[in-house]
Structures are given as structure tokens and as C-alpha cells.
Amino acid sequence: MAFEGLTTRLQNVFSKLRGKGKVSDEDVAEAMREVRLALLEADVNFKVVKEFISKVKEKAVGKEVMESFTPGMVIIDIVNRELTELMGGTQSKLAKATKPPTVIMMVGLQGAGKTTTSGKLARMLQKQNHRPLLVAGDIYRPAAIKQLQVLGEQIKVPVFSMGDQTSPVEIARQALQEAKTNNNDYVIIDTAGRLHIDEALMDELRQIHELTNPDEVLLVVDAMTGQDAVNVAENFNNQLQLTGVVLTKLDGDTRGGAALSVKAVTGCPIKFATLGEKLDALEVFHPERMASRILG
Ligand code: GDP
């Protein structure tokens with residue numbers, strides 16, 4: 001399960017602190033050394049770790065902690081709050097266009113989970129009584145169009161497709177028309193991914209962006225790839241002004257580095273997480289709940 005190693009490590013650190021009636025500066029320093037190592041081992045970006053530890057230390061040496069009857073608990077609480085902050089503080093909601101449809105552009109590398117996440121998001125919106133339209137804009141990966149059509153059929157959400165011979169920019173343009181005609185209030189555009197970021201991909205994404213003026217540009221990243229996911233996010237964000245991140249495959253045994261670093265490194269909030277292949281395995285990302293889960 002995700003974060004397992006980190007949770008165990010942190011629990012060990014905190015169990016030593018929890019029992020203490022008094023905590024010395026040395027106890028705090030020792031605990032912070034161990035938290036630092038635990039985060040690094042969980043593949044959290046080293047700059048993020050450094051900043052995190054210095055913030056926690058700053059708060060943990062204060063009077064409040066030393067004078068408390070349960071100083072260990074106060075420190076755990078500080079770590080919990082800082083972990084929450086690190087992942088964005090509060091839940092970051094999906095944007096909504098003042099004039100429908102709300103356009104959501106899904107971007108990311110091939111295999112990250114873009115197509116399935118598009119289906120999951122459509123399902124979530126449909127459950128909230130919206131009328132989403134899925135757009136098959138990944139014309140390069142064989143089977144991506146078919147995959148989206150199958151997903152759409154399963155959840156009874158229309159899929160706009162023009163095959164693989166029309167440019168994705170044109171597909172996006174006509175899809176917006178279709179959404180207006182059919183009163184779809186959300187348009188989810190599945191775009192092409194590559195195995196690596198390249199100029200042609202970015203150029204096409206920029207063109208779709210310019211044409212559709214999306215309310216959300218969601219980067220789908222595979223949490224299992226750790227710091228690579230963070231690098232991908234940084235790269236996409238520099239070129240495309242992301243509005244949010246979807247972390248996929250949190251059901252796997254990811255060490256957690258991506259979840260804990262991506263907001264701090266890119267400034268982009270994590271809006272959703274996926275925890276499985278099933279269509280209802282999409283969750284709104286709550287930083288505070290995730291922090292509590294990590295602390296076990
Ligand atoms: P795309 O190339 O980015 O469109 O990726 P796909 O949507 O086709 O997903 C790639 C693979 O990852 C598929 O086999 C998905 O079923 C799988 N996948 C996507 N999200 C998750 C998830 O949250 N958990 C698990 N276990 N598998 C996932």
C-alpha cells in the first residue's frame with residue numbers, strides 16, 4: 001500500500017516522543033533527524049525535505065511545546081499540520097466556467113492514466129448530475145480512441161471522436177460546438193501523451209489550449225514514478241500553466257514522494273487521486289486526510 005514505509009518510520013519516531021512528559025531540545029533534534037531520513041527515503045524532493053524540517057523545528061522548539069504536558073503530542077500535531085500544508089493545505093476545488101461548458105484539458109505522459117482518469121472524472125461529474133462530454137483527442141496512441149469509447153459506453157457518457165485522421169485541435173474545436181448543441185456543461189478533452197516530453201507534443205497542447213481556453217488543465221501523473229512525476233509536472237507547468245494535478249496509482253506501493261513534493265515544487269495543487277482501475281476509483285484529494293493517513 002502507498003506510504004507504508006513512511007508511515008511505519010514516522011510511527012516509530014513518534015512513539016518515542018509520545019510517552020515523554022518532558023521533551024529536551026536534543027529529543028526534538030533527534031526526532032527531526034529521523035523524520036528527515038524517513039522523508040528522504042520516501043523519495044520526497046530533498047529541498048522540500050529541508051524546508052519542511054526547518055519549519056517544523058521552528059515551531060517545535062517554542063514555549064508551547066516545552067510547557068505542554070504532552071509535548072510529544074504537540075510535536076506530532078505540528079508535523080501533521082505541516083504535512084497538510086505541504087500538500088496544499090485545503091482541498092482545491094475543480095474550476096467552473098461562468099458560462100458553460102467548463103472545459104477540462106487532460107494532459108500527461110503516455111501510460112500515466114490520462115484516458116482512464118478522463119472516464120473516471122466524467123463518471124464523478126455525471127453522479128453530480130452534470131452532463132459531461134468526453135473528447136477523444138489522443139489520436140496517436142493506437143486504441144486510445146476505442147478505449148475512451150468503451151469507457152463512455154460503460155458509464156453512458158457521450159464520447160466525441162473524429163477518428164485518427166483529423167488534427168486534435170480541429171477535434172477540440174468541433175467538440176466544443178457539439179457540447180453547445182447538446183447542452184453538455186463539462187467537456188473533458190483527453191489529449192495525446194508521449195513516452196517523453198517533446199516539442200511537438202507541447203506545441204499541439206498549446207494549440208488546443210489556445211483554442212479551447214480551458215478552465216482546468218489537469219496533469220495526470222503516475223505516483224509510482226516518484227520524483228520523475230515531479231519533474232514531469234515541473235516541465236509541463238513551465239510550458240502550459242497547469243491548474244492542477246491528478247495523482248494516479250495511489251493504490252500501488254508508491255513511497256509517497258510525488259504526493260509530498262509536487263505542490264511545493266510546482267505550486268500546482270493536487271486536485272484528485274486515483275486508487276485503482278475501476279471507474280469509481282477517483283477521489284477528491286484532501287491534504288489533511290492524506291496527512292493523517294500518512295501519520296497512520
Ligand atoms: P494514458 O496513456 O495516460 O491514457 O493511460 P491509461 O489511462 O491508458 O492508463 C494506463 C494504465 O494504468 C491502464 O492499464 C490503467 O488501467 C492503469 N491505471 C490508471 N489509473 C490507475 C490507478 O489509479 N491504479 C491502478 N492500479 N492502475 C491504474
Side-chain angles (χ1 to χ4, degrees), residues 1-92 223-231 233-234 245 247 250-270 273 275 285-296:
M1 224 190 70
F3 305 111
E4 205 165 355
L6 181 58
T7 300
T8 310
R9 291 283 302 255
L10 291 177
Q11 279 177 341
N12 284 341
V13 180
F14 294 143
S15 71
K16 282 187 222 156
L17 278 181
R18 202 177 272 125
K20 288 186 193 269
K22 261 199 154 354
V23 173
S24 67
D25 286 349
E26 185 42 45
D27 291 332
V28 175
E30 172 65 18
M32 287 310 115
R33 270 194 294 276
E34 288 175 27
V35 171
R36 179 175 165 276
L37 276 179
L39 290 172
L40 287 172
E41 260 176 41
D43 194 30
V44 180
N45 176 290
F46 75 96
K47 280 190 203 145
V48 172
V49 174
K50 203 169 159 207
E51 203 164 308
F52 179 85
I53 294 294
S54 89
K55 276 190 192 155
V56 173
K57 264 188 186 159
E58 205 175 283
K59 294 184 176 138
V61 295
K63 246 172 100 185
E64 185 203 356
V65 175
M66 297 310 173
E67 288 177 3
S68 159
F69 289 117
T70 52
M73 295 300 281
V74 179
I75 293 173
I76 295 165
D77 190 49
I78 294 170
V79 171
N80 191 350
R81 266 184 281 154
E82 288 303 321
L83 274 181
T84 304
E85 250 346 278
L86 190 60
M87 290 184 286
T90 50
Q91 181 211 334
S92 190
M224 297 287 289
T225 60
Q227 284 315 295
D228 269 350
V230 179
N231 295 336
E234 207 176 4
V245 168
L247 274 184
L250 272 190
D251 52 315
D253 59 356
T254 162
R255 286 180 286 159
L260 287 164
S261 322
V262 79
K263 170 67 171 67
V265 174
T266 66
C268 265
I270 302 169
L275 295 104
F285 188 82
H286 294 280
E288 65 285 9
R289 286 188 210 160
M290 191 52 82
S292 302
R293 189 174 140 191
I294 290 170
L295 289 178

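Sequence positions, counted from 1, serve as the residue numbers for this chain.
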Can you tell me how far the [atom1] atom of [X] sits from the [atom2] atom of [Y], to the nearest 0.5 Å?
X	Y	atom1	atom2	answer
Ile75	Lys59	CD1	NZ	13.5 Å
Arg81	Ile76	CZ	CD1	12.5 Å
Lys57	Asp25	NZ	CG	11.0 Å
Thr84	Met290	OG1	CE	11.0 Å
Phe14	Leu295	CZ	CG	6.0 Å
His286	Ser292	NE2	OG	12.0 Å

Passes side chain to side chain contact (heavy atoms under 4.5 Å, CB included), Val56 versus Met32? Steps please. CA-CA 8 Å; Val56 173; Met32 287 310 115; 3.6 Å; yes
Where the side chain of [X] meets the backbone of [Y], is there a donor-acceptor pair that is under 3.5 Å apart?
X	Y	answer
Thr7	Ile294	yes
Asp27	Ser24	yes
Thr254	Leu250	no

Heavy-atom closest pair, residues [X] and [Y]:
X	Y	answer
Gly226	Ala258	O-CB, 3.6 Å
Phe285	Ala273	CD1-CB, 4.1 Å
Ala259	Phe3	CB-CZ, 3.8 Å
Val23	Gly72	CG2-N, 4.1 Å
Glu288	Gly89	OE1-O, 3.7 Å

Run the side chain to side chain donor-acceptor pair (under 3.5 Å) test against Arg33 and tell me which residues pass, sequence neighbours left out.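 By the side chain to side chain donor-acceptor pair (under 3.5 Å) rule, Arg33 matches Glu26, Glu30.
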Check: Val79 and Val13 side chains under 4.5 Å, non-hydrogen atoms: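 The answer is no, as the side chains (C-beta and beyond) never meet within the 4.5 Å cut-off.
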State, with a plain yes or no, whether a side-chain heavy atom of Phe52 is found less than 4.5 Å away from one of Val35.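 A side-chain contact under 4.5 Å exists here.
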Identify all side-chain donor-acceptor contacts of residues 38-50 below 3.5 Å with residues at least two apart in sequence or on another chain.
residue, atom, partner, partner atom, Å
Glu41, OE1, Arg9, NH1, 2.6
Glu41, OE2, Arg9, NH1, 3.0
Asp43, OD2, Gln227, N, 3.1
Asn45, OD1, Lys47, N, 2.9
Asn45, OD1, Val48, N, 3.2

Is the number of heavy atoms from other residues, nucleotides or ligands under 6.0 Å of Gln91 CD greater than 12?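 For Gln91, atom CD is crowded (more than 12 foreign heavy atoms under 6.0 Å).
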Looking at Lys55 and Glu85, is there a salt bridge between them, counting it only when a charged N and a carboxylate O are closer than 4.0 Å?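 No.
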Residues two or more places apart in sequence or in another chain: which of them pass side-chain contact (heavy atoms from CB on, under 4.5 Å) with Thr225?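 Thr225: side-chain contact (heavy atoms from CB on, under 4.5 Å) contacts with Asp222, Asp228, Ala229.
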